[in-house]
Protein chains: 2
Amino acid sequence: MRRTGDVLGPLVTRLAAIGSLTESDIDALLALPYTLREGKPGWEIVREGDRPSQCCLILDGTFGRFKMAAQGAKQIVSYHIRGDLPDLQSCFLPAMDHTLSALTVGTVAFIPHAAIRHILEETPLLGAKLLRESFIDSSVTREWLCNVGRRSSESRIAHLICEMFTRHRAAGHVDQFTFPFGLTQVAISDSQGMSTVHVNRVLQKLKANKLISSHAKSKAITILDWEGLQAVGDFDPRYLHILH
Amino acid sequence: MRRTGDVLGPLVTRLAAIGSLTESDIDALLALPYTLREGKPGWEIVREGDRPSQCCLILDGTFGRFKMAAQGAKQIVSYHIRGDLPDLQSCFLPAMDHTLSALTVGTVAFIPHAAIRHILEETPLLGAKLLRESFIDSSVTREWLCNVGRRSSESRIAHLICEMFTRHRAAGHVDQFTFPFGLTQVAISDSQGMSTVHVNRVLQKLKANKLISSHAKSKAITILDWEGLQAVGDFDPRYLHILH
DNA sequence: CGCCGGTTTGAAGAATTTCAAAGGGAGTGG
DNA sequence: CCACTCCCTTTGAAATTCTTCAAACCGGCG
């Protein structure tokens with residue numbers, strides 16, 4: 001990867017992981033205008049109902065998109081890490097139908113819609129590579145639906161860990177089988193449609209079965225048995241559409 | 001709506017429901033090349049793993065996209081009716097990550113990827129209107145995830161009925177509060193992550209509470225109490241992004 | 001030191017699944 | 001035209017998973 005020292009390097013890394021990029025693609029991406037911003041857990045970058053004029057590129061940290069159901073129930077519909085463009089849709093649908101917020105400390109770059117539209121209209125081949133990111137995001141949401149709808153709680157959480165490991169690995173975030181996992185058990189429960197208590201018990205079970213271990217201090221997880229975890233989680237990475 | 005007698009009229013109706021179309025947009029859409037095909041329940045139009053070279057426009061019937069989880073568990077991730085373009089993503093992601101199949105008898109038009117790509121590249125403004133359909137599809141999937149993850153079974157099914165009613169109404173398929181609903185209870189259970197037995201009981205409860213009534217013969221549902229059904233289903237149609 | 005968010009534990013209760021079987025309606029073949 | 005079959009719906013009852021509630025614990029930080 002060239003010039004990953006650039007601020008927008010994570011975007012290049014991400015798009016390169018899911019499609020091929022030409023030199024001029026990379027130049028165009030790295031030349032995008034942006035504004036940097038940092039925040040702590042709970043920071044709401046865009047809220048349901050907002051009509052943003054810029055897209056958000058995740059540079060560091062873990063972010064989530066969520067919707068509220070009746071009686072304060074929260075459903076996190078996706079997690080986002082370095083290189084993700086979680087709200088490209090806002091270029092196409094004016095009003096946000098969910099909220100994007102920070103789950104850990106993190107940094108994002110805001111890229112004006114106008115700059116994105118310019119790419120989509122003037123260089124549609126590069127535009128298609130950006131859109132691919134969004135289509136993969138949809139694919140991930142479908143897999144999550146499958147997870148919540150049809151997998152046991154143990155399988156669900158194993159699947160989530162497999163997914164986050166695979167995505168962090170593609171983002172170059174992984175040391176062997178250890179990767180950053182700053183999600184609280186509350187966040188996990190809100191994404192998997194279960195209670196916090198149950199998340200806690202399932203995590204204990206995964207640890208007891210020597211599939212994972214966690215390091216509270218470093219907020220990281222180590223996968224002890226990758227094959228076993230994938231089997232328990234019914235995990236097949238094809239839905240992530242990451243090039244091999 | 002002009003020229004809705006045209007075979008591709010449902011596409012025009014759909015895109016007009018979610019965005020404005022110019023005369024030349026309509027002409028370009030109606031001039032798209034296509035192949036017609038009909039099928040019965042169980043017909044698999046595109047399968048997981050396929051690399052199709054055309055997109056599928058639904059002209060009649062109800063279709064579903066589904067994924068398989070371990071041990072034969074099926075998760076339906078979306079329903080599709082007249083005017084939907086359920087696999088526009090196949091223009092961007094070569095391999096299908098799910099299967100599209102017919103849930104009732106139905107008719108589709110296949111439109112070659114090349115023709116879609118031509119629109120996206122040559123008339124990006126019209127292309128954006130096509131893409132909007134896909135972004136709304138993602139929004140619907142997120143709402144389903146919220147449904148399955150965080151709503152009670154009664155709320156879930158009420159929500160589903162509200163959604164299908166609203167979509168059918170936008171497609172011009174509705175007579176007062178009666179609309180075609182050809183889904184079996186098995187299909188409902190596979191989409192809502194519950195057992196068939198439970199779906200049956202919840203439907204009985206909705207009927208007992210005078211929220212809906214069903215007509216087995218005509219495979220249709222009548223909503224008896226639209227306000228009440230929306231309240232039970234925690235339904236807010238904004239996620240459908242249908243213009244008022 | 002004490003607070004605070006997050007994690008862990010126990011126990012009771014509710015929602016939902018599973019299993020098993022019967023009932024109903026539409027279409028098919030004899 | 002009847003009998004038969006198939007798919008879908010409906011019912012009952014037991015078993016299980018998961019939630020809820022309530023409280024304790026734990027570690028970092030002001």
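Side chains included, hydrogens not; waters and symmetry mates left out as well; all remaining heavy atoms used. Letters A, B, ... are given to chains in the order of the sequence lines, protein chains preceding strands, and every chain is numbered from 1. The structure presented is a predicted model; accordingly, all values stated were derived computationally and were not measured.
Look at NE2 on H198(B): it is 9 Å from C1' on dT17(C), rounded to the nearest Å. Spacing between atom NZ of K207(B) and atom P of dT11(D) amounts to 10 Å, rounded to whole angstrom units. The interatomic distance linking R201(B) (CZ) with dA13(D) (C1') rounds to 9 Å, in whole Å. Whole-Å rounding puts the E154(B) CD to dT16(C) C1' distance at 14 Å. The CD atom of Q185(A) sits 6 Å away from the C1' atom of dT7(C) (whole-angstrom rounding). The distance between atom NZ of K219(A) and atom P of dG28(D), rounded to the nearest whole Å, is 10 Å. Atom C1' of nucleotide dC8(D) and atom CG of D190(B) are separated by 13 Å, given to the nearest angstrom. Rounded to a whole Å, the CG atom of L103(B) is 11 Å from the P atom of dC8(D).
Taken to the nearest 0.5 Å, the CZ atom of F66(B) stands 12.0 Å off from the OH atom of Y79(B). Taken from CG in L145(A) to CD in Q75(B), the straight-line distance is 4.5 Å, to the nearest 0.5 Å.
The residue T184(A) sits close only to the backbone: its heavy atoms come under 4.0 Å of sugar-phosphate atoms, none of a base. Residue contacts shown for G193(A) are limited to sugar-phosphate atoms, with no base heavy atom under 4.0 Å away. Among the protein residues, S153(B) comes within range of the sugar-phosphate backbone only, with heavy atoms under 4.0 Å from sugar or phosphate atoms but none that close to a base.
Residue whose closest nucleotide on DNA chain C sits further toward the 5' end, between T196(A) and V199(B): T196(A).
Remark: E163(B) pairs with W144(B), R167(B), Y239(B) by the side-chain hydrogen bond (donor to acceptor under 3.5 Å, both in side chains) rule, at least two apart or across chains.
The existence of a salt bridge linking D84(A) and R14(A) is confirmed by a sub-4.0 Å separation between a basic side-chain nitrogen and an acidic carboxylate oxygen. Salt bridge annotation for E143(B)-R151(B): present, with a cationic side-chain nitrogen under 4.0 angstrom from a carboxylate oxygen. Of the charged side-chain nitrogens involved, at least one lies within less than 4.0 Å of a carboxylate oxygen, so that D137(A) and R65(A) count as a salt-bridged pair.
Between N200(A) and dT8(C) there is a side-chain N or O to OP1 or OP2 distance below 4.0 Å. A close approach under 4.0 Å does occur between a side-chain nitrogen or oxygen of Q204(B) and OP1 or OP2 of dT11(D).
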Cut-off 3.5 Å, no hydrogens considered: what does the side-chain donor-acceptor table look like for residues 39-58 of chain A, sequence neighbours left out?
unit_1 : atom_1 : unit_2 : atom_2 : d
E44(A) : OE1    : R47(A) : NE     : 2.7
D50(A) : OD2    : R47(A) : N      : 2.8

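Taking five base pairs at each end of the helix from dC1(C)-dG30(D) to dG30(C)-dC1(D), the local helix axes there meet at an angle of 30°, rounded to 10°.
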